Amino acid sequence: MSVATPDPAVGPPGYEGTKDAQLKRLRRIEGQVRGIARMVEGDAYCIDVLTQVSAATRALQAVSVGLLEEHIAHCVVDAARESDEAAAAKVDEVTAAVARLLRS
């Protein structure tokens with residue numbers, strides 16, 4: 001997975017105000033995933049591993065919803081103030097992102 005560099009023409013990300021909280025949540029999820037790996041290495045009971053996978057998945061979904069909400073509240077609203085065309089482009093972008101989230 002590559003890391004995109006910020007585009008100064010686009011402006012700051014919608015999550016800029018909650019970046020520290022988002023990173024804290026992601027680090028907690030990272031710890032959960034490492035714990036799941038240790039469970040598998042230690043031959044933990046299948047259902048217990050699946051329970052932890054489900055918890056990590058829900059945690060990632062919560063991060064996704066939060067990022068989506070912030071994107072709509074900031075980026076989409078800003079685009080709507082700019083022009084109808086910019087707003088339509090952002091709505092298309094959000095729709096595609098939601099479709100990707102639903103497929104995952």
Side-chain angles (χ1 to χ4, degrees):
M1 176 169 64
S2 66
V3 176
T5 56
D7 182 352
V10 174
Y15 59 83
E16 181 180 45
T18 62
K19 183 176 181 175
D20 289 340
Q22 295 290 3
L23 287 170
K24 183 177 178 180
R25 293 176 87 181
L26 288 167
R27 286 186 193 105
R28 191 175 315 123
I29 295 165
E30 182 179 23
Q32 283 180 285
V33 173
R34 281 194 306 269
I36 294 167
R38 284 191 301 271
M39 290 176 76
V40 171
E41 287 172 352
D43 298 325
Y45 185 58
C46 300
I47 299 302
D48 293 340
V49 175
L50 289 170
T51 299
Q52 293 306 310
V53 168
S54 177
T57 300
R58 285 191 310 272
L60 279 172
Q61 289 170 340
V63 169
S64 296
V65 169
L67 290 170
L68 186 61
E69 181 180 11
E70 291 169 350
H71 181 70
I72 292 168
H74 298 284
C75 303
V76 175
V77 169
D78 288 349
R81 290 182 180 132
E82 181 183 321
S83 71
D84 290 343
E85 294 80 19
K90 288 294 180 188
V91 167
D92 289 345
E93 182 181 71
V94 169
T95 302
V98 169
R100 284 191 303 275
L101 288 171
L102 291 174
R103 284 192 300 265
S104 62

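No experiment lies behind these values; they were computed from the predicted model shown.
Not a single donor-acceptor pair under 3.5 Å links the side chain of S54 to the backbone N or O of L50. Remark: side-chain polar atoms of S83 are paired, donor with acceptor, to backbone N or O of A86 under 3.5 angstrom.
Minimum heavy-atom separation, A80 to A87: CA-CB, 3.5 Å. Nearest heavy atoms, K90 versus A79: CG-CB, 3.3 Å.
The line from CG of L67 to CD1 of I72 is 11.0 Å long, rounded to the nearest 0.5 Å. Taking CZ of R58 as the reference point, atom CD1 of I29 lies at 11.5 Å (rounded to 0.5 Å). Distance check: Q32 CD to L26 CG gives 11.0 Å after rounding to the nearest 0.5 Å.
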Next on the checklist: H74 vs E16, test: side-chain hydrogen bond (donor to acceptor under 3.5 Å, both in side chains). Steps then yes/no.
Outcome noted: CA-CA 10 Å; H74 298 284; E16 181 180 45; over 6 Å; no
Next on the checklist: salt bridge (charged side-chain N to carboxylate O under 4.0 Å, His left out) for R38 and E41? Distances and angles first, verdict last.
Outcome noted: CA-CA 5 Å; R38 284 191 301 271; E41 287 172 352; over 6 Å; no
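Salt bridge E30/R27: absent, no basic N to carboxylate O contact under 4.0 Å.
Chaining together hydrophobic side chains whose heavy atoms lie under 4.5 Å apart places V53 alongside I36, M39, V40, V49.
Side-chain contact between D48 and Q52 is absent, with no heavy-atom pair separated by less than 4.5 Å.
V76 and L68 fall within a single hydrophobic cluster, where Ile, Leu, Val, Met, Phe, Trp and Tyr are joined by side-chain heavy atoms under 4.5 Å apart, directly or via other members.
Residue E69 qualifies as open at atom CD: its count of foreign heavy atoms under 6.0 Å is 12 or below.
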